[in-house]
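In this text the structure is predicted, and so the values were computed from the model without any measurement. Lettering of chains follows the sequences in order, A, B, ..., and the numbering in each one begins at 1.
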Amino acid sequence: MLSGALRMEERDQFPVGMRVLAVDDDPVCLKVLETLLRRCQYHVTATNQAITALKLLRENRDMFDLVISDVHMPDMDGFKLLELVGLEMDLPVIMLSVNGETKTVMKGIAHGACDYLLKPVRIEELRNIWQHVVRRKFSSRERSNLEFSKECNKPSSADTEHGPNQLTCGSSDQNGRISKKRKELHSEEVEEGDDNDFQENDEPSAAKKPRVVWSVELHRKFVAAVNQLGIDKAVPKRILELMNVEKLTRENVASHLQVWHLILSQIIRVPFLLFMSS
DNA sequence: TACACAATAT
DNA sequence: TATATTGTGT
């Protein structure tokens, strides 16, 4: 068959040639996956070892746009790969598994997977995965107002080493309504004319500390750090060190960790699905 | 003192 | 609701 015969209009060249790293220990599955991805006109690199995948990713961070990985692999659990990728680089990862149990899927999502596909994968599901790459680019910027057409910086150029991440990524407008604009880091707060009874004699130059927004990216780093440490050794200080995020404090992490414990013990409901489809 | 953790406040 | 702050024990 003429596999490459689909010639969609190439007005948008982006999805064409998107660099995908496919990981699956089963050679048959891997071959199928690779073929399907190629049929979507992506540029595919395939490996049957998670270790190799990690090595490839670490050696050249600009080489891939997206990772799609099986969950069950002998050399390294897919979740582990997911954690490490989430911690060390900012790439969308799609998990792949025959196991469709809610618990397992939830685990993947909770660990930072941007999608979770069930085998056998259909090509229809792969045609759209480039959206995760786009989504990630938008995710570090406010997108409430469309007039910000400022292009996001390409993560490939200036991100060679763990750049200090900044906290201003608040992209979560979960409700379709107009969300009140979050105050960013600008210290322009001059008058707070409420007639409240605050007797704080705070210094005039002390601006209000901005609240940390636990964006998907930030949360991914958090989860990756927690899992790397192990849940029992994951204490705020160590998590903070591993995350290596500028201006994030131990208290911030502690607060988030508190919630995370609740989530893990399923005491509170998890808003992960909101993360998925904003 | 520094920290973790739970409770409470905003 | 999400995150910050406070309180308490180690």
Side-chain angles (χ1 to χ4, degrees), chain A residues 83 86-87 90 102 105-114 135-136 138-145 164-278:
Chain A
E83 287 166 23
L87 189 60
D90 184 30
T102 304
V105 177
M106 200 59 102
K107 186 175 174 188
I109 300 301
H111 285 62
C114 65
R135 203 191 300 274
R136 192 149 302 246
F138 278 128
S139 71
S140 43
R141 266 294 167 199
E142 291 256 350
R143 63 187 186 105
S144 56
N145 282 334
N165 311 280
Q166 46 188 5
L167 291 176
T168 57
C169 39
S171 72
S172 55
D173 49 353
Q174 285 129 358
N175 42 8
R177 300 199 163 275
I178 299 166
S179 57
K180 51 175 83 169
K181 247 179 125 149
R182 267 196 195 98
K183 275 200 177 202
E184 300 233 344
L185 290 169
H186 307 308
S187 62
E188 61 179 357
E189 167 153 289
V190 177
E191 49 186 6
E192 185 67 23
D194 261 4
D195 52 353
N196 282 334
D197 48 352
F198 49 87
Q199 66 276 17
E200 289 290 337
N201 50 355
D202 49 3
E203 302 172 10
S205 66
K208 230 185 248 178
K209 281 200 298 190
R211 280 167 72 102
V212 170
V213 176
W214 284 93
S215 63
V216 182
E217 285 174 47
L218 203 54
H219 180 66
R220 282 179 71 224
K221 284 197 185 296
F222 171 85
V223 174
V226 168
N227 286 293
Q228 181 148 310
L229 289 166
I231 192 62
D232 48 338
K233 301 197 164 149
V235 293
K237 191 181 177 188
R238 311 260 280 136
I239 297 170
L240 181 65
E241 289 166 2
L242 268 181
M243 286 179 73
N244 191 28
V245 175
E246 205 180 20
K247 297 201 202 98
L248 193 68
T249 69
R250 195 175 56 83
E251 283 74 20
N252 295 139
V253 175
S255 180
H256 196 62
L257 182 63
Q258 188 172 358
V259 178
W260 184 241
H261 284 322
L262 296 178
I263 290 173
L264 288 184
S265 51
Q266 300 188 346
I267 291 173
I268 65 176
R269 196 165 52 90
V270 189
F272 289 131
L273 297 182
L274 296 178
F275 289 174
M276 299 288 297
S277 62
S278 75

Send over the distance from [X] [atom1] to [N] [atom2], rounded to a whole Å.
| X | N | atom1 | atom2 | answer |
| --- | --- | --- | --- | --- |
| A:L248 | C:dA4 | CG | C1' | 13 Å |
| A:H256 | C:dA4 | NE2 | P | 11 Å |
| A:H261 | B:dA4 | NE2 | P | 11 Å |
| A:L262 | B:dT8 | CG | P | 14 Å |
| A:R211 | B:dT10 | CZ | P | 13 Å |
| A:E241 | B:dA4 | CD | P | 9 Å |
| A:L218 | C:dT3 | CG | C1' | 12 Å |
| A:E251 | B:dA6 | CD | C1' | 15 Å |

No-hydrogen, no-angle side-chain donor-acceptor test under 3.5 Å, A:N252 and A:S255: no

Which nucleotide sits closest to the side chain of [X]: [options]?
| X | options | result |
| --- | --- | --- |
| A:V235 | B:dA7, C:dT3, B:dC5 | B:dC5 |
| A:S255 | C:dA4, B:dC5, B:dA4 | C:dA4 |
| A:R250 | B:dC5, C:dA4, B:dA4 | B:dA4 |
| A:Q258 | B:dA4, C:dT5, B:dA7 | B:dA7 |
| A:K237 | C:dT3, B:dC3, B:dC5 | B:dC3 |

Parallel, tilted or perpendicular: rings of A:W214 and A:F222 (30°, 60°): perpendicular

Would a 4.5 Å heavy-atom cut-off, applied to side chains only, mark [X] and [Y] as touching?
| X | Y | result |
| --- | --- | --- |
| A:K237 | A:E241 | yes |
| A:L218 | A:M243 | yes |
| A:L248 | A:L240 | yes |

C:dT3 OP1/OP2 closer than 4.0 Å to side-chain N/O of A:N252: no

